[in-house]
Amino acid sequence: MVVFEESRRLKSLPRKYMSKQAEAIATYEKQGIDIINLGRGNPDLPTPQHIVDRLKEAVDMQSNHGYPPYNGKKSLKQAIVAFYKREYGVDLDPDTEIAIFNGSIIAVAALPQCLLNPGDTIMFPEPAFPMYYSAVKLAEAHLYGLPVKEEDGFLPDYNAIPTQIANRTKLLLLNYPNNPTGAVATSHFFAETVQFATKHNIPVFHDMAYGSIGFDGNKPLSFLQTKGAKEIGVEVYTMSKAYNMAGWRVAFAVGNPSIIAGVNRFVEHAYGNVFGAVQDAAAAALTTDQDCVRQLTVIYNQRRDTLVNGLNKIGWHVRPSAGTFFVWAKVPEGYSSEQFSALLLDKAHVAVIPGEAFGEHGAGYVRISLVSSEERLLEAVQRIKDANILKYQKV
Ligand SMILES: Cc1ncc(COP(=O)(O)O)c(C=O)c1O
C-alpha cells in the first residue's frame, strides 16, 4: 500500500490529547478495569423528546430531501431572530446577520480563514479550547496568546497588549462561559472588549458554546448585548450543549454582516449546508418551551456542587466554576498537572484532562467534566480519597 505524505498544513495540526487518552483508557478497560471518564466533553443526556419528534416528522417531508437552501432555511433564521430577542433582547436581520453551519467547530476553523491571510495575527485568552490552536494552524496564522489568571476571573487584560501587536491583529477570539476554566464574562469586560476592538479595528469572534450553562442562578451574557458589539463582531451559538444535540451538528453565527457574508461563502464552498430536517428540529428547539434547557442547567449545577463539595471534603481544595460543564481544579501542591492526571488514572481509575492540553498556561490545573451522573461523580471522589494521593510524596 502506498503511503502518501501529508500536506504541510495537516502535519502542523496538533495531536488531540483526548484521542491519546482514549487509547490509555481502552488499555485499562481491556484488563477489565472500570475507568470513570471525567475527561470527555460529550453531553451524556438525551436530546429532549419534543426535538427528536420534530426531526422524525421533518425527515418525512420531501422538501427536506434535496439540497437545503444556500445559507440555511428561512424558518430557522426566523427562529434564531426570535431566540436572540427573547433571551437577550438583541435584534437581528435574518437576511444579513445570521449564518448556519454544521456545528460551531466549523466556525472556529472557518473564521480565521475568512479574515486572515497567512502570517496574520490572531489573539485569544490562554488556556483555550484545543481547536483554537488548530484553527491558527489551518489559517497559517500567528498566535498572540493572552494569558489569563484565576485572580483576574480568567479574563484577559487588554492594557497589557502592546499597541503594535493590537494594530496588526486580525481576529480576537473569546469564549465565555469558558472551556476549560468555567469562567463567565462580565458586562464590564465585554464593554472593554468593544472599546479595545473598535480602537484597533479588530473583528471579535465570541464562541458562546456554553451560553445556556450559568450556575447559581446567573445567566451568561451574550456579547451582542454590549453596545457596539454587533458593529465589530459575531457570536457563535451551538445547539450541542444547550439542547444535548452534539451529534446533530448544527450551530449558527450572528452579528456583523460582512463577517457573516464571509462565513456563508466559506460554508457554501467547503461544506454545504445542514440537513433540512435537522434545521427544522433546531428551529423547534429554539422556539418551543425552554424548560428542558433550565432543567439541564440545574442538573449540571447539582453535579458541580456534588463534585466540588466532595473534593473539598477530602482535602482537594477546588473552586466552583461559574458556568460550562467543567471544573478547573488546581492540582495539589508538589505535582505537575501531567503527573497528577497520570496518578489519578493509575491509582484511582479516574480520567481527567491535564491543563497543558489547553496550552502551556493551563499548567498546574486539570479539567474535570460534569457529563457523568452524580453517583459516578461521588464514586470518583471516593476513589480519589481511597487512592491516598492528595498529599505529594516524593518517590
Ligand atoms: C469552546 C467550544 N467551542 C466549540 C465547541 C464545539 O461545539 P460544536 O458541537 O458546536 O461543534 C466546543 C465543544 O466541546 C467547545 O468546548
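Note that the coordinates shown come from a computational prediction; the quantities given were computed from them, not determined experimentally. Whatever order the structure lists them in is the order used to number ligands and atoms, beginning at 1.
Checked against a 6.0 Å centroid threshold, the rings of Phe358 and Tyr132 do not count as neighbours. A centroid separation of 6.0 Å or more is found between the aromatic rings of Phe196 and Phe189. Residues Phe326 and Tyr210 place their aromatic rings such that the two centres sit under 6.0 Å apart.
The other members of the hydrophobic cluster of Tyr28, by chain and number, are Ile25, Ile33, Ile35, Leu345 (side-chain heavy atoms under 4.5 Å, ILVMFWY only).
Listed by chain and number, residues touching ligand 1 at under 4.0 Å (heavy atoms only) are Gly103, Ser104, Ile105, Phe129, Tyr132, Asn175, Asn179, Asp207, Ala209, Tyr210, Thr238, Ser240, Lys241, Arg249.
For Lys219 and Tyr88, the positive end sits near the middle of the six-membered ring, less than 6.0 Å away and at most 45° from its axis.
In this structure, Asn256 contributes its side chain and Glu231 its backbone to a donor-acceptor pair below 3.5 Å.
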